[in-house]
Amino acid sequence: MHFPSVSEQMDAICQGALEIVPEEALVRKLERSALTGQPLVVKQGFDPTRADLHIGHAVSIRKLRAFQEMGHDVVFVVGDYTALIGDPTGRSELRPRLTEEEVAENARTYQEQAFRILDPARTRVEHNSTWLRPLQLADILKLTAQYTVARMLERDDFARRYQDGRPISVVEFLYPLMQAYDSVVLKADVELGGSDQKFNLLVARDIQERYGQEPQVCLLMPLLRGTDGAHKMSKSYDNYVGLADAPDQQYGKTMSIPDALLEEWLTLASGLGGAELAAAVEGARTEPYRAKRDLAARVVDTYHGAGAGAAASEAFDRLFKRREIPADVPTVQVSAQDPALAPADGTVSLARLLARTGLASSNGDAARQLDQGAVSVDGERAGGRDARLAATGEAVLQKGKRHFVRVRFDG
RNA sequence: GGUGGGGUACCAGAGCGGUCAAAUGGAGCAGACUGUAAAUCUGCCGGCUUAUGCCUACGAAGGUUCGAAUCCUUCCCCCACCA
């Protein structure tokens with residue numbers, strides 16, 4: 001195995017990284033691997049607590065990719081067992097426990113999503129249930145004996161919760177230990193994670209030593225803030241751009257970030273580096289709108305291939321600038337005679353139709369939306385809650401700016 | 001084990017016998033505006049074939065009362081301090 005020089009590797013690794021703990025150890029490991037031809041084992045875990053990976057995860061997945069390109073072994077750990085506990089990081093309360101079925105369902109697509117960035121041929125995908133599930137109580141006793149409650153409480157999520165009198169379940173103490181055990185099993189040389197993972201990654205260093213291994217190097221990446229501009233990007237805040245989101249979704253969500261976030265996103269999510277990045281950041285200061293549209297297109301290109309960004313940009317203009325009906329409107333077939341639509345004289349209740357087609361969550365919601373002038377039929381704004389619609393042929397219903405359904409009547 | 005404090009809508013959190021489908025903030029949806037699904041302002045924000053009506057909802061089940069989120073009983077759950 002031939003690796004780039006140690007200093008080249010260090011440059012690539014450091015680019016965008018927030019912290020490397022400890023940096024000298026990484027240099028030593030790289031030197032040794034260059035000498036022996038033995039690639040480093042670089043791991044990162046992802047808990048399938050939700051169905052999607054998002055561009056916040058991509059920040060470190062890209063870094064995994066960089067390791068891979070330099071010839072190291074990347075292990076993508078699907079935390080299907082740790083997900084059953086839920087990472088307490090940043091949590092002010094116990095996570096709802098997921099069932100094994102829910103986790104398995106989420107895990108199914110993780111690998112596929114990660115491969116939008118990683119090279120499938122050079123990635124080892126491991127599920128941590130493989131080694132965590134078979135553990136016996138004796139094994140767990142050994143593991144838990146390696147760490148103290150006082151050290152656990154150093155962690156500020158726990159410290160704060162304890163101080164505020166909010167519950168901390170004992171299983172939550174197990175989480176960092178299980179993650180650490182992953183590192184032991186994999187004999188990890190390097191573990192990647194977001195900066196909020198620092199505690200967990202550091203615990204692994206201690207635990208590896210207790211199990212007679214050389215401790216891993218922790219490589220912490222900055223956290224990307226979500227589209228709300230306030231919280232870190234997270235599935236639970238619903239402020240994320242999913243790797244598997246449709247192009248128009250990715251584009252629109254990116255457009256919705258506050259201007260103040262542009263520099264952060266350009267740095268962490270655009271895939272740009274060096275001079276290009278500097279130029280883009282400068283552009284964001286002078287022409288934020290332009291810069292945001294470029295960023296959005298770039299994000300879409302990254303996950304849907306070159307050209308997809310331009311198409312999404314065009315669709316965005318059509319929808320929001322020109323207020324036209326988008327190309328791909330889902331069609332719903334309804335019967336003009338359906339009693340749920342209150343048919344009379346060849347017409348149906350528009351409110352009921354909205355509820356029926358899913359544009360409104362209930363008849364009451366539909367009535368309110370109609371009263372507020374939120375609804376258009378074939379581009380014409382519809383009146384109040386009593387509006388009716390001729391039940392023939394087709395009509396395009398629109399609620400708000402971006403919810404469309406084409407209705408086709410039969411019978 | 002003891003003592004004290006709690007459990008309210010998607011979240012946080014007020015209410016403590018009627019005027020409570022429940023203040024307020026956040027989230028969400030919509031309208032206006034615009035450079036955007038930004039910001040700002042405004043409205044809405046349980047359901048029901050639309051009704052000064054009914055149903056569901058203030059941890060659960062019973063009870064008191066003309067009337068209960070509010071009072072009582074039992075149960076379940078959470079927190080703090082002490083042990």
Side-chain angles (χ1 to χ4, degrees), chain A residues 91-97 158 160-170 172 225-231 234-242 245-265 283-297 299-300 312-323 326 337-344 347-356 358-376 381-388 397-404:
Chain A
R91 289 262 137 189
S92 54
E93 60 200 277
L94 183 63
R95 278 177 182 270
R97 300 284 299 275
F158 286 153
R160 196 168 315 129
R161 280 160 64 182
Y162 190 62
Q163 198 172 358
D164 294 353
R166 284 188 305 237
I168 302 169
S169 158
V170 173
E172 296 184 80
R225 274 179 293 172
T227 53
D228 57 2
H231 302 287
S234 152
K235 303 159 217 168
S236 32
Y237 291 127
D238 195 23
N239 61 358
Y240 71 100
V241 177
D245 279 351
D248 291 357
Q249 289 284 307
Q250 292 185 336
Y251 195 93
K253 285 180 179 179
T254 304
M255 284 307 287
S256 79
I257 67 171
D259 290 358
L261 230 59
L262 267 172
E263 183 171 342
E264 179 175 320
W265 276 50
R285 294 217 177 86
T286 53
E287 268 194 292
Y289 179 62
R290 191 69 260 149
K292 202 183 285 181
R293 297 209 56 160
D294 288 345
L295 169 65
V299 167
V300 176
S313 176
E314 165 56 24
F316 187 84
D317 277 342
R318 180 159 46 188
L319 192 54
F320 297 108
K321 293 215 117 122
R322 304 202 295 273
R323 296 287 167 87
Q337 257 46 266
D338 189 339
L341 300 176
T347 66
V348 294
S349 156
L350 190 49
R352 284 164 183 288
L353 189 58
L354 289 168
R356 169 65 206 283
L359 285 178
S361 59
S362 66
N363 289 338
D365 183 37
R368 282 178 229 121
Q369 298 292 356
L370 280 164
D371 285 345
Q372 293 192 105
V375 179
S376 302
R381 180 168 295 195
R385 58 177 60 204
D386 298 323
R388 302 193 61 84
L397 307 184
Q398 175 177 10
K399 191 209 82 174
K401 274 178 270 196
R402 57 199 182 93
H403 301 284
F404 295 85

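Excluded from the calculations below are hydrogen atoms, water molecules and symmetry mates; all remaining heavy atoms, backbone and side chain alike, are included. Sequence lines set the chain letters: A, B, ... in the order given, protein chains first and strands last, and positions in each chain run from 1.
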Using the C1' atoms only, state how far B:A9 lies from B:U49, rounded to an integer number of Å. 26 Å
Would the distance check show the side chain of A:Q250 and the main-chain N or O of A:G242 forming a donor-acceptor pair, the cut-off being under 3.5 Å? yes
Using atom P of each nucleotide, how far apart are B:G26 and B:C20 to the nearest Å? 23 Å
Taking the side chain of A:Y289 as heavy atoms from C-beta outward, which of B:U50, B:G35, B:U34 is closest to it? B:G35
Carboxylate-amine/guanidinium proximity below 4.0 Å for A:D338 and A:R356: yes
Closer than 3.5 angstrom, by distance alone: can the side chain of A:N239 be matched with the main-chain N or O of A:D228 as a donor-acceptor pair? no
Can you figure out which of B:C29, B:U36, B:U50 approaches the side chain of A:R402 most closely? B:C29
Nucleotide opposite B:C71 in a Watson-Crick or G-U pair, distances under 3.5 Å: B:G63
I'd like to check A:M255 versus A:Y289 (side-chain heavy atoms, cut-off strictly below 4.5 Å). Are they in contact? yes
Give me the distance, rounded to whole Å, that separates B:U3 from B:U73 when you measure between the P atoms they each carry. 16 Å
Tell me the partner of B:A9, counting only Watson-Crick (N1-N3 plus N6-O4 or O6-N4) or G-U wobble (N1-O2 and O6-N3) with both under 3.5 Å; none if nothing fits. none
For B:U49 and A:R356 - does any side-chain N or O of the residue sit under 4.0 Å from the phosphate oxygens OP1/OP2? no
Salt-bridge contact A:D245-A:K253 (side-chain N to carboxylate O under 4.0 Å): yes
Euclidean distance, A:S376 OG relative to A:K401 NZ, rounded to 0.5 Å: 12.5 Å
Rounded distance (Å) that lies between atom C1' of B:A38 and atom NZ of A:K321: 13 Å
Taking only the P atom of each, what is the distance from B:A12 to B:G59 in whole angstrom? 14 Å
C1' atoms of B:A83 and B:U74, separation to the nearest Å: 27 Å
Paired to B:C44 by Watson-Crick or G-U wobble criteria (both distances under 3.5 Å) is B:G28
With sugar-phosphate taken as primed atoms, P, OP1 and OP2 and all else as base, the protein-contact string of nucleotides 23-28 of chain B at under 4.0 Å (heavy atoms; B, S, -) is ------
Across all strands, who's sitting opposite B:A23 as a Watson-Crick or G-U wobble pair, both distances under 3.5 Å? none
Just verifying a value: how many Å separate A:F320 CZ and A:R402 CZ, rounded to the nearest 0.5 Å? 6.0 Å
Are OP1 or OP2 of B:A37 and a side-chain N or O of A:K401 less than 4.0 angstrom apart? yes
Check A:V375, A:D371, A:L350, A:N363 against A:R385 for a side chain to side chain contact (heavy atoms under 4.5 Å, CB included) and give me the one that passes. A:D371
Min side-chain heavy-atom separation A:R323-A:R318 under 4.5 Å: no
Taking pairing as Watson-Crick or G-U wobble with both contacts under 3.5 Å, can you name the mate of B:C58, or confirm there isn't one? none
Pick the P atom in B:C16 and in B:U65, then give their distance to the nearest Å. 24 Å
To the nearest 0.5 angstrom, please state how far the CG atom of A:D365 sits from the CG atom of A:L370. 9.5 Å
Is there a side-chain contact between A:R293 and the phosphate of B:G35, meaning an N or O under 4.0 Å from OP1 or OP2? no
P gap between B:C45 and B:A30, integer Å: 15 Å
Can you check nucleotides 41-47 of chain B for protein contacts, nitrogen or oxygen pairs under 3.5 Å, and list what you find?
from, atom 1, to, atom 2, distance (Å)
B:G43, N2, A:Q372, OE1, 3.1
B:G43, N2, A:Q372, NE2, 3.3
B:G43, N3, A:Q372, OE1, 2.8
B:G47, OP1, A:S362, OG, 2.7
B:G47, OP2, A:R368, NH2, 2.9

Between protein and nucleic acid, restricted to nucleotides 54-58 of chain B and to nitrogen or oxygen atoms under 3.5 Å apart, what atom pairs and distances do you find?
none

In whole Å, measure the gap between the C1' atoms of B:C10 and B:U40 for me. 25 Å
Would you say a side-chain N or O of A:H403 is under 4.0 Å from OP1 or OP2 of B:A30? yes
Applying a 3.5 Å limit to both distances, which nucleotide forms a Watson-Crick or G-U wobble pair with B:G1? B:C82
Between A:Y240 and A:T227, is there a side-chain donor-acceptor contact under 3.5 Å, judged purely by atom types and distance? no
Would you classify A:A367 as touching base, sugar-phosphate or nothing, given that sugar-phosphate means primed atoms plus P, OP1 and OP2, and contacts are heavy atoms under 4.0 Å? base
Checking salt bridge (Lys or Arg N to Asp or Glu O under 4.0 Å) for the pair A:K292/A:D259: CA distance, chi angles, key distance, verdict? CA-CA 8 Å; A:K292 202 183 285 181; A:D259 290 358; 2.8 Å; yes
Examine the side chains of A:S349 and A:R388 and answer whether a donor and an acceptor come within less than 3.5 Å of each other. no
With nearest nucleotide decided by heavy atoms, which residue, A:K399 or A:Q250, maps closer to the 5′ end of RNA chain B? A:K399
